[in-house]
Protein chains: 2
Amino acid sequence: MSDALDRQDRLILHHLQRDARMPLTTLAEHVGLSPNATGERLRRLVRDGVVTGFHARLSPEALGRGLTAFVEVKLERTDSDVFAAFAEAVRDAPDIEECHMVAGGFDYLLKTRHRDMAAYRAFLSDTLLRLPGVRETHTYPVMEELRADFGPMLPAPRGAGG
Amino acid sequence: MSDALDRQDRLILHHLQRDARMPLTTLAEHVGLSPNATGERLRRLVRDGVVTGFHARLSPEALGRGLTAFVEVKLERTDSDVFAAFAEAVRDAPDIEECHMVAGGFDYLLKTRHRDMAAYRAFLSDTLLRLPGVRETHTYPVMEELRADFGPMLPAPRGAGG
DNA sequence: GATGAAATACTCCGTTT
DNA sequence: AAACGGAGTATTTCATC
C-alpha cells in the first residue's frame with residue numbers, strides 16, 4: 001500500500017477535481033495511460049482514501065440560498081454535555097453547511113446559507129441562540145466570494161491545463 | 001425556462017450531490033423515471049445553472065495538508081488598487097482554498113490548508129503578510145471539523161435515504 | 001500496464017401522452 | 001412540454017497476456 005502519488009495519479013486527481021463525471025476514456029487520454037490502467041488507479045485512490053467522494057455542486061442562488069454568512073460561536077465552558085448537545089444540533093440544522101471547532105478567540109466557526117437577511121435573523125434567533133450553552137455569536141455576512149471552495153489544491157502537474 | 005424544482009429534480013440533485021459518478025440508469029431508478037427523461041432533466045439542471053459542476057473531493061490528510069486554518073484579514077482603506085492586488089494574489093496562492101469578502105469587523109475571511117503549523121507560519125510571513133495593504137490578520141486553526149462542506153442543502157426529498 | 005471481448009450505459013431520433 | 005422505446009455508439013468491466 002504505497003501511498004506516494006506519482007505524476008499520473010496527480011493528473012487523475014487534477015482532472016476529476018474539475019470534472020468528476022469525465023469518462024475514464026477521456027481521463028485516460030489526459031493521463032497518457034490506457035482506460036483500464038486509469039480506472040485501476042482511480043479505484044486504488046478511492047480505496048486508499050485519497051479521493052473521499054464525487055459530488056455535484058449546486059448553485060446556492062438557484063436554490064434560494066443566496067446569502068452566505070460566517071458565524072463565530074462562543075460556548076459556556078461548563079461541561080462536555082454542552083459541547084455534545086451543540087454538536088448534535090449542528091448536524092440537524094440544514095442551514096449550517098460547515099462547522100469547525102477552532103482554537104483562538106471563540107469555539108466554533110459556522111458557514112451558513114440563507115434565502116436573505118430576514119431568514120438569517122430567523123435562523124439566529126430561532127435556532128442558534130436557542131441552543132443550550134451558546135454565550136455569544138458574531139455574524140459576518142459574505143458580500144463577495146473571491147475564490148470558491150475547490151478542495152485542497154494539488155501541486156498542479158505540468159501540462160494539465162488543457 | 002421554469003426554474004421551479006419538482007420532487008424528481010430534487011431527487012436528482014440529492015443523489016448526485018452524494019455520488020456524482022452515479023450512472024444515469026442507476027439515478028433513473030432512484031428517481032422513478034426512464035434513463036432518458038432523467039438525463040434530459042439533468043442536462044436542463046446544468047444548463048440552467050442549478051448544478052454548477054461535478055467535483056472529486058480529495059482528502060487533505062492524504063495530500064499532506066492536514067492543517068486547516070481560517071484567517072481574518074484587514075486591509076488598509078487607501079484605494080481600490082489595494083483590493084485588486086489582494087484579489088489577484090489570492091487567486092495565485094495554492095494554500096488558499098476559499099476567500100470571502102465579508103461585512104463586519106474585517107475585510108476578508110480566508111480558508112487555508114497546510115502541512116503543519118510550521119508551514120502555516122511560513123505562509124503567513126512569506127505570502128500573506130507580504131501582500132500590499134494587509135494591515136492585520138487573525139488566525140484560527142481548525143481543531144476538529146464537526147460538519148463537512150457538502151454544498152447548500154436541499155429540502156431533503158422524502159424516501160431519498162436509500 | 002496493455003489488449004480484446006462481453007456487458008453495460010449513453011445518445012440520438014421517432015413516437016406517444 | 002415531458003416521457004418512453006429502440007437502434008447505434010461509446011464506455012466500463014473482465015479475462016488474459
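Throughout, protein chains are lettered first and strands after them, A, B, ... in sequence-line order, and every chain is numbered starting at 1.
- With rounding to whole Å, A:R43 atom CZ is found 10 Å from D:dC14 atom C1'.
- Between the CZ atom of B:R65 and the CD atom of B:E97 there is a distance of 9.0 Å, given to the nearest 0.5 Å.
- Remark: B:T25 is in phosphate contact with C:dC10, judged by side-chain N or O atoms under 4.0 Å from OP1 or OP2.
- Straight-line distance from the CG atom of B:L24 to the C1' atom of D:dA3: 15 Å, rounded to whole Å.
- What separates CZ of B:R41 from P of C:dC10 is a distance of 17 Å, to the nearest Å.
- A donor-acceptor contact shorter than 3.5 Å links the side chain of B:T112 to the backbone of B:A69.
- Using cut-offs of 30° and 60° on the angle between ring planes, the pair B:H114 and B:F123 is tilted.
- B:D9 and B:D6 get closest at one heavy-atom pair: N-OD1, 2.8 Å.
- The distance between atom CZ of B:R47 and atom C1' of D:dA1, rounded to the nearest whole Å, is 13 Å.
- The interatomic distance linking B:Q8 (CD) with D:dA1 (C1') rounds to 14 Å, in whole Å.
- With rounding to whole Å, B:L42 atom CG is found 13 Å from D:dA3 atom P.
- Across the protein-nucleic acid pair, B:N36 atom CG and C:dT16 atom P stand 16 Å apart, rounded to whole Å.
- Taking only side-chain atoms of B:P23, from C-beta outward, the nucleotide of D:dT12, D:dA3, C:dC10 with the closest atom is C:dC10.
- Between the CE atom of A:M22 and the C1' atom of C:dC10 there is a distance of 17 Å, given to the nearest Å.
- For A:L33, the listed nucleotide lying nearest its side chain is C:dG1; candidates were D:dC4, D:dT11, C:dG1.
- Distances shown here put every side-chain N or O of B:R44 at or beyond 4.0 Å from the OP1 or OP2 atom of D:dA1.
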